[in-house]
Amino acid sequence: DFLARSGEGQGAVSPAADFADVARRFDEPIPQHGRPLAEVLARLERDVLAGVNHLSHPMYLGHQVSAPLPTGVWTDALISAVNNSQAVNEMSPTLSHVERRVVRWMCELVGWDARSGGTFTSGGTEASFTALLAARAVLMPDAWEQGVGGDPPVMLCGEHTHYAVSRAAGQLGLGVRNIVVVPSEQYCMSPEALRTQLDALRSAGRRVMAVVATAGHTATGGFDDLEAIGRTCEAFGAWLHVDGAHGASAVFSPAHRHRLRGIERAHSIAWDPHKMMFLPLAAGTVLVREARWLDAAFTQRAPYLFNDDGTAESINIGVRSFQCSRRTDALKAWVALQRHGTGDLAAWYDLLCDLTCELHGLLVRHPCFEVLHEPECNILCFRWVGAPRSNEDLDRVNAEVRERYNASGDGWITSTVLGGRRVLRVTVQNPRTRPEHLERLVTGLDAVARELTTS
């Protein structure tokens with residue numbers, strides 16, 4: 001009932017609930033005695049479901065979280081019922097092979113051969129951390145036991161790289177001060193600036209642990225030039241990690257695959273099926289061009305779990321994963337591919353990109369909006385500029401427009417900062433969204449902004 005009502009666009013996209021009011025709803029002591037199931041279900045409906053964001057609503061145009069496929073939703077229940085842990089083959093004798101097969105499919109889609117490998121993760125943050133851990137193991141094979149020492153290597157990334165990269169720098173002991181930020185062109189990493197930075201680092205005698213490029217930037221959806229960046233990394237002998245958490249799913253689309261040209265040059269890739277493969281959370285992956293690099297990232301011995309006879313790498317997935325106990329999230333991807341194939345995934349990817357281009361056209365033609373970039377996937381940033389005010393005043397207006405519009409329940413969007421200015425941001429993530437919903441969005445945002453600036 002919840003999914004049906006959300007998918008048909010009934011009710012508010014998100015409740016206008018006060019944080020303190022919601023907190024009071026759950027302010028209670030731990031139950032000492034159980035209650036009838038009917039009472040628990042009634043409270044779930046009244047206190048929980050009534051207050052959640054409706055991602056399947058066609059007017060949900062917010063964060064990069066999918067309106068999940070029914071196959072993924074119901075497979076989640078099967079995964080919980082079976083409850084096999086993926087770390088060790090004997091604990092998950094068939095499902096371990098499911099994960100291996102899905103990872104093999106993904107590596108083949110990237111363009112890698114049988115030497116590649118990977119594992120499922122909780123998401124792109126863990127995937128990038130694991131990939132950069134592998135990069136550290138290749139550059140500094142003694143770091144696991146001895147640490148990175150007093151002269152840590154550096155990582156390079158673009159100005160708009162996801163915060164997972166700086167988080168990994170701290171976790172890996174490099175320190176965020178050893179991140180070199182490469183200037184951008186049109187919100188994507190400049191290949192020429194990257195080469196200049198690598199030249200300067202080489203001249204200064206600094207070791208480079210990795211270069212991080214992005215396919216599908218969080219803020220704008222832009223794709224770094226992976227071909228040019230890959231060639232540069234090869235020239236300098238630098239590990240290339242591609243954060244494709246959002247954009248790697250373009251491999252399914254003949255119309256958009258070109259945006260990933262050069263991705264096969266990467267050493268490692270983060271790719272989230274719970275984004276543009278429309279699976280429910282959580283389903284991320286880390287892929288590496290040489291599986292042995294991932295095996296070397298984790299060097300601990302655990303004889304009660306893993307074999308010591310050299311077969312662990314070919315049998316147990318846990319030797320390649322940061323997690324030990326974990327769900328068989330790969331099954332969601334396997335079932336989705338069995339049910340829909342790559343063709344449906346490509347069609348939905350194309351649909352969302354086409355809708356975003358349509359939104360771009362609506363905004364360009366509207367006199368009160370300024371569009372910040374052309375869409376490269378399903379993400380678009382723009383700004384309401386319909387009143388003669390300073391940039392600072394318009395920053396406040398755009399921030400308030402987003403808050404008031406979301407609170408109305410009519411729709412839900414996000415915002416970010418580009419070029420020092422507060423902008424509105426839309427992610428068209430739901431295949432139920434149609435052109436009329438985009439027109440409703442533009443009209444609604446403009447009405448809220450006009451009310452703000454004329455009151």
Do NZ/NE/NH1/NH2 and the carboxylate oxygens of [X] and [Y] come within less than 4.0 Å?
X    : Y    : result
R339 : D344 : no
R195 : D199 : no
R292 : E290 : yes
E436 : R440 : no

Heavy-atom side-chain contact between [X] and [Y] under 4.5 Å:
X    : Y    : result
W144 : L133 : yes
P375 : L359 : no
L355 : P435 : yes
W348 : H340 : yes
V212 : L156 : no
L194 : L198 : yes
C157 : I179 : yes
I413 : N406 : yes

Under 3.5 Å, is there a donor-acceptor pair between the side chain of [X] and the main chain of [Y]?
X    : Y    : result
S184 : Q186 : no
E99  : F120 : yes
T328 : A330 : no
D225 : A228 : yes
H274 : L279 : no
T196 : E192 : yes
Q197 : A193 : no
H57  : G11  : yes
H267 : L240 : yes
T75  : T71  : yes

Side chains of [Y] and [X]: any donor to acceptor distance under 3.5 Å?
X    : Y    : value
S253 : R259 : no
T119 : R326 : yes
Q64  : Q429 : no
H217 : D224 : yes
R104 : S116 : yes

- Task: Check the pair E126 / Q323 against side-chain hydrogen bond (donor to acceptor under 3.5 Å, both in side chains), numbers first and verdict last.
- Result: CA-CA 9 Å; E126 184 194 340; Q323 303 177 65; 2.9 Å; yes
- Taking the six-membered ring for Trp, are H366 and F369 parallel (under 30°), tilted (30 to 60°) or perpendicular (over 60°)? perpendicular
- Task: Could you label the plane-to-plane angle of the W412 and H63 rings as parallel, tilted or perpendicular, counting under 30° as parallel and over 60° as perpendicular?
- Result: tilted
Between [X] and [Y], what is the shortest heavy-atom contact and its length?
X    : Y    : result
P280 : V73  : CG-N, 4.0 Å
S85  : S92  : O-CB, 3.1 Å
A67  : L55  : CB-O, 3.4 Å
S122 : A282 : O-CB, 3.4 Å
R257 : V110 : NH2-O, 3.5 Å

- Query: Are H54 and Y60 close enough, and set up right, to give a ring pair (Phe, Tyr, Trp, His ring centres under 6.0 Å), and what steps lead you there?
  - Reply: CA-CA 7 Å; H54 293 223; Y60 181 86; 9.7 Å; no
- Query: So, is the end of the R115 side chain (NZ or CZ) under 6.0 Å from the ring centre of W293 and within 45° of the ring's axis?
  - Reply: no
Atom pair [atom1]/[atom2] of [X] and [Y] - distance to nearest 0.5 Å:
X    : Y    : atom1 : atom2 : answer
H256 : H258 : NE2   : NE2   : 7.5 Å
T214 : H241 : OG1   : NE2   : 8.0 Å
T130 : L287 : OG1   : CG    : 11.5 Å
L174 : M140 : CG    : CE    : 7.5 Å
Y163 : T218 : OH    : OG1   : 9.0 Å
M276 : C377 : CE    : SG    : 6.5 Å

- Task: Output, in order, the C-alpha distance, side-chain angles, deciding distance and verdict of side-chain hydrogen bond (donor to acceptor under 3.5 Å, both in side chains) for H246 and N378.
- Result: CA-CA 10 Å; H246 189 81; N378 62 322; 2.7 Å; yes
- Evaluate the side chain to side chain contact (heavy atoms under 4.5 Å, CB included) criterion for residues V148 and L172: first the C-alpha distance (whole Å), next the side-chain angles of each, then the deciding distance (0.1 Å), finally the verdict. CA-CA 8 Å; V148 298; L172 294 171; over 6 Å; no
- Message: Among D395, T416, N398, exactly one meets side-chain hydrogen bond (donor to acceptor under 3.5 Å, both in side chains) together with R421. Which residue is that?
- Response: D395
- Checking R425, R422, E403 against S415 for side-chain hydrogen bond (donor to acceptor under 3.5 Å, both in side chains), the one that qualifies is R422
- I would like to know whether F382 and V426 meet side chain to side chain contact (heavy atoms under 4.5 Å, CB included); could you show each step before the answer? CA-CA 9 Å; F382 54 97; V426 158; 3.8 Å; yes
- Dump the intermediate steps for side chain to side chain contact (heavy atoms under 4.5 Å, CB included) on W112 and E264, then the final yes or no. CA-CA 6 Å; W112 288 342; E264 71 280 356; 4.3 Å; yes
- Task: Check step by step if side chain to side chain contact (heavy atoms under 4.5 Å, CB included) holds for F236 and V208.
- Result: CA-CA 9 Å; F236 282 85; V208 174; over 6 Å; no
- Message: Run R432 and S6 through side-chain hydrogen bond (donor to acceptor under 3.5 Å, both in side chains) and show every step you take.
- Response: CA-CA 10 Å; R432 299 169 185 82; S6 296; over 6 Å; no
- Should D329 and K332 be marked as a salt bridge (charged side-chain N to carboxylate O under 4.0 Å, His left out) after you check the CA-CA gap, both sets of side-chain angles, and the distance that decides it? CA-CA 6 Å; D329 290 313; K332 292 182 285 192; 3.2 Å; yes
- Message: Run N178 and R206 through side-chain hydrogen bond (donor to acceptor under 3.5 Å, both in side chains) and show every step you take.
- Response: CA-CA 10 Å; N178 288 300; R206 295 298 306 273; 3.1 Å; yes
